[in-house]
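Right, one structure below, let's go through it.
Just so you know, these numbers come straight off a predicted model, no measurement behind them.
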Amino acid sequence: MNCCSKLGDFAMKNKTILRINRRALLSGIAAIAASFVIGSKTKAASSRIVMRDGWLLKESDFQ
Amino acid sequence: MIFASMQEYRASGFVPQVVIIGSGPAGTTVARRLARAKVPCVLLDAGDDSYSEASQNVYKGKTIGDPYFELDLARLRYLGGTSGHWSGWCRFLDTHDFEQRSWIPDSGWPVGRHVIEPYFDSTREILGLRKFEDDTPISSDINWIDLIRSEPVRFGEKYQDDLAGSNLIAVVLNTYVTDLAAQGARIRSANVISNRQPSGQITAPMFVAATGGIENSRLLLWSNQRSADPVVPEPKTLGRYWMEHPEFLGGDALIFETDAFKSAEDGWAYFAPTPDSMRDTAIMNFHAVIMPQPRSRTKQLVADLACTIPAAAEWLAETAGAHLNCGSRIGMAWEQAPVYENHVALSSTETDFAGIPRVELHWRKGELERKTLLEGLRLFGKALAQKDIGRLRIDEWIRNGGDYPTDQQMAGYHHMGGTRMSDGPEKGIVDANCRVHGMENLYVAGSSIFTTSGYANPTATIVAFSERLGEHLADQAA
């Protein structure tokens, strides 16, 4: 039994409005570059990568 | 013209310049290219214009080594050949696939990719492909790649009318070339059985073996036993360096940017290592594919990751929850090292209806394949994390050195090597023009000529090389 199953429930319910497909508005490299920017909002850009329980994670994920 | 037997064909009085054995993507492409150059050729197929159990039975064989598909299920023996169950994925081999790589013994083709690039446009036309997008870096180690899942071309269906209407191509069905006969450095004739009856010989100035990535080896091995003069004068590597593309699921991932890289055709996303990263980690080429999973799978993955990093629970809930279908499985398909011990042999006990030895395939994956799988997933997972595209978890059996699963795809149904291209006969069977070393008029077409395998599904590269061979033969015939 997974110890954190409630978190999965929370994650699924937390967002009820589907994200607008930004990809449809962009193309090629511009879209990929945009995805980096969007993604980097959540975590710092540079961090050492470690493996834990098979997951490849940034050290900053643990902070 | 299409004939149902050698008897009908002989009655036509057709005089070919080239005998092509096998009507799959390679043989049909060579024939059509020759016809465009006004060179008459005969295209022989052992099967009829549709599937039959009786024809297919000849493809039964035995595999020794790693678990593999039944050999009669892994290819097709009728007009159009194995294109009849092709799934349609397409990509040309990469430029770096042709290069010698010091960490992969016996790598390096005698030609570069530039020799087939002039045929990419015609190949795309034959296969009905759009133009490939350029590779796009997502990190210093990993590129997004364009692997097209096309509508698969069944060569027998698509080109049957074209073949039937040609006065320069004579297709002869139900006609099994059992062996080639050499005289000195030339093939003199091919011995044939048509509609299960011995039907004499067929001859022409040039011959092309295009019977598939297993049968080309079988035909030449048997011919070498039968012919008074050798058909392959220096056969040390005949049947050797046989390769497949191992294919296994490699892990799970939460992909936060779910739409950024999706293929237009199938909604999956494909990635491959850069040449520098392969060199730095001493691994072979591979592709990783992100395959989105149902929402229930996402939920489980979010929970699993939260177990590993409880401190990130809030961030995870916010990020993963924003993308309700971000849970994905990661598929891996990769290059197999060219190894002398992996080979096609003739059975010493089993024969087909004509008394020809059946195939015995000796095939194992080695340490380099294993390393490529693990290190490749590490590279890919690292790139996803570094760029905050997602987080990847490598499956336990891969991390812990467990056995390969037997309930997965296992391989790509891609039969490569056996008559590989090489500078000289020490390391291969055909030269840079696909001509058998030491022979003046015997050529080989298809993926059996591949020196190394890359990760790309082979059909596009097969067709490009066949276009090139057709042009070369036309020049020879002129």
What residue, out of [options], has the most heavy-atom pairs lying under 4.5 Å from chain A?
options: B/I309, B/D395, B/I398; answer: B/I309
options: B/L384, B/L377, B/D134, B/L305; answer: B/L305
options: B/G251, B/G381, B/G390; answer: B/G381

Crowded around [X] [atom1]? As in, over 12 foreign heavy atoms under 6.0 Å?
X: B/K382; atom1: NZ; result: no
X: B/E396; atom1: CD; result: no
X: B/D403; atom1: CG; result: no
X: B/E117; atom1: CD; result: yes

Q. Between A/K58 and B/Q386, what is the shortest heavy-atom contact and its length?
A. NZ-O, 3.9 Å
Atom pair [atom1] ([X]) and [atom2] ([Y]), whose distance is rounded to the nearest 0.5 Å:
X: B/L254; Y: A/W55; atom1: CG; atom2: CH2; answer: 4.5 Å
X: B/R393; Y: A/M51; atom1: CZ; atom2: CE; answer: 12.5 Å
X: B/D388; Y: A/S60; atom1: CG; atom2: OG; answer: 7.5 Å

Q: Evaluate side-chain contact (heavy atoms from CB on, under 4.5 Å) for A/I49 paired with B/R378, printing each intermediate quantity in order.
A: CA-CA 10 Å; A/I49 303 299; B/R378 279 181 194 270; over 6 Å; no
**Q.** Among A/L56, A/V50, A/D53, residue most engaged with chain B (heavy-atom pairs, under 4.5 Å)
**A.** A/L56
